[in-house]
Structures are given as structure tokens and as C-alpha cells.
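Worksheet: one structure, shown below.
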Amino acid sequence: LMGGEEIYHYHTKLMMKDAKTGGAWCWHQDYGYWYHNGCMFPEMGSVFIPVDDCKKENGCLQVIKGSHKLGRVEHGKNGDQMMADNERVQEALKQMELVTVEMSAGDVLFFHCNLFHTSSQNTSDHRRWVLIVAYNKKRNDPYKEHHHPKYTPLVKVDNSALLECTNIEKLEGKWFLNPTKENKYVDDDKQMIH
């Protein structure tokens with residue numbers, strides 16, 4: 001998907017829109033942010049993975065189909081968010097298709113860093129959590145320091161390395177998601193729901 005060159009994990013985030021509280025996002029391109037982080041080329045992408053079903057009512061993603069071909073558009077601050085130039089967005093909406101991306105939990109959407117996207121507020125009784133994993137090309141490593149990590153090579157090891165590992169973290173006192181109870185966590189020692 002990214003041209004066959006070496007890529008690396010740029011960052012991951014969990015976007016949490018809880019029922020009747022999750023806020024809206026302005027129209028933007030991810031590269032509208034990442035350009036300012038020192039990434040020279042728009043050769044980056046994201047994987048959008050719903051943890052919950054994403055429907056129009058709970059603020060699912062909306063995209064302008066084909067808008068990644070427009071190139072990077074100027075962005076300005078809108079509160080804590082970066083917002084794409086509204087004049088450009090409105091022109092793109094006149095010429096390109098607006099797609100409401102309803103997805104089921106576990107579906108996957110891959111998208112280019114210049115794709116215009118937004119999402120509305122969650123007005124439903126159902127939360128909308130999604131995991132977003134961003135990737136960058138090794139050769140596009142940011143030229144300046146910022147809050148996302150720079151390229152670090154991965155060292156491949158044989159499967160046997162798992163059995164030989166002596167760096168084992170004890171799990172006592174850790175909390176884990178209990179798949180049989182919605183929004184409940186279980187302590188691995190006592191199997192108690194918290």
C-alpha cells in the first residue's frame with residue numbers, strides 16, 4: 001500500500017467518543033499536522049480500526065473520496081484542532097463524493113495522509129472507540145524532534161527467541177479487560193471485576 005519501501009510505526013492512538021459526550025472533529029488531513037512535525041513527504045498512512053460499531057449516530061468517520069489527490073492544503077488552528085482551509089474543503093465537496101464510513105467493530109480502513117476526513121459528535125447512547133495506527137516511510141523520517149517517535153530499525157529474531165527470553169514482567173496486580181463483561185476489568189490475581 002505504501003510502495004514497497006520500508007515503513008515504520010509512527011504512532012497509535014485510541015479515539016474515544018463516549019455516549020452523548022464525544023466531540024466532533026473539523027475537516028482535516030493528517031498530513032496537515034505531520035507536515036509541521038518535520039515529515040517532508042506525504043508518504044504516510046493510517047489504519048482506522050473500530051473497537052465499537054461506527055454509525056452515523058455515534059460520530060462515524062466521513063471522508064471526501066479522492067481528496068488525497070489534491071495535495072496538502074493549508075491548515076489553521078481551531079481550538080486544540082488543526083482545520084483544513086474551509087474554502088478548499090467546500091470546493092472539494094462540490095466536486096467529489098462525500099462518504100459516510102459506517103463500519104463494524106473489527107473492520108479496517110486504510111487511508112492516505114492527505115485524505116480529507118471529519119467526524120461528528122456522538123449523540124447516541126453507544127460509545128464509539130477506534131484505534132488509529134499511523135505509518136511512515138523510513139526515508140521520510142522527520143528532520144526535527146517532536147512528540148512522535150523517529151525511525152528505529154526493528155531487529156528480526158527467530159521464533160525461538162520467545163522461549164529464550166528472560167526479561168519477563170510479572171503480571172500480579174495488573175488489570176485486564178474481561179471479555180464477558182462490558183466495560184469491566186479483571187484483576188489477574190483474584191479474577192475480581194473492578
Is there a side chain to side chain contact (heavy atoms under 4.5 Å, CB included) between Val63 and Val101? Walk through the geometry before answering. CA-CA 7 Å; Val63 304; Val101 188; 4.0 Å; yes
Show your working on side chain to side chain contact (heavy atoms under 4.5 Å, CB included) between Asn136 and Glu43 and close with a plain yes or no. CA-CA 7 Å; Asn136 190 13; Glu43 296 179 341; 5.5 Å; no
Decide side chain to side chain contact (heavy atoms under 4.5 Å, CB included) for Phe111 and His68; before the verdict, give the C-alpha distance in whole Å, the side-chain angles of both, and the deciding distance to 0.1 Å. CA-CA 9 Å; Phe111 65 93; His68 65 288; over 6 Å; no
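Within 6.0 Å of CD on Glu5 lie more than 12 heavy atoms contributed by other residues, nucleotides or ligands. Surrounding NZ of Lys65 are at most 12 heavy atoms belonging to other residues, nucleotides or ligands under 6.0 Å away. Taking a 6.0 Å sphere around NZ of Lys69, one finds it holds 12 or fewer heavy atoms contributed by other residues, nucleotides or ligands. Other residues, nucleotides and ligands contribute over 12 non-hydrogen atoms within 6.0 Å of the CG atom of Leu14.
Here the side chains of Leu115 and Ile64 are not in contact, with every heavy-atom distance at 4.5 Å or above. The closest side-chain heavy-atom distance from Asn37 to Lys144 is not below 4.5 Å. Inter-residue side-chain proximity for Trp129 and Asp18 is flagged as met; some heavy-atom pair is nearer than 4.5 Å. When side chains are defined from C-beta on, Cys26 counts as touching Gln81, because their heavy atoms get closer than 4.5 Å. His117 places a side-chain heavy atom less than 4.5 Å from the side chain of Asp30. No side-chain heavy atom of Ser46 sits less than 4.5 Å from a side-chain heavy atom of Tyr135.
A salt bridge does not link Arg139 with Glu6: every distance from a Lys NZ or Arg NE/NH1/NH2 to an Asp or Glu carboxylate oxygen is 4.0 Å or more. Between Lys55 and Glu102 there is no salt bridge, since no side-chain N of the basic residue sits under 4.0 Å from a carboxylate O of the acidic one.
A tilted orientation is assigned to the rings of Tyr10 and His146, their planes being inclined by 30° to 60°. Taking the six-membered ring where tryptophan is involved, the planes of His28 and Trp25 are tilted, since the angle between them lies from 30° to 60°.
Across every non-hydrogen atom of Val133 and His9, the tightest pair is CG1-CD2, 3.6 Å.
Annotation: cation-pi pair Arg88/Phe116 absent, no NZ/CZ under 6.0 Å from the ring centroid and within 45° of its normal.
For the side chain to side chain donor-acceptor pair (under 3.5 Å) test with Asp52, the passing option among Arg127, Lys17, Arg128, His126 is Arg127; the others fail.
With 3.5 Å as the limit, one finds a donor-acceptor pair spanning the side chains of Gln62 and Ser120. With hydrogens and angles left out, the side-chain atoms of Asp158 and Ser160 include no donor and acceptor closer than 3.5 Å.
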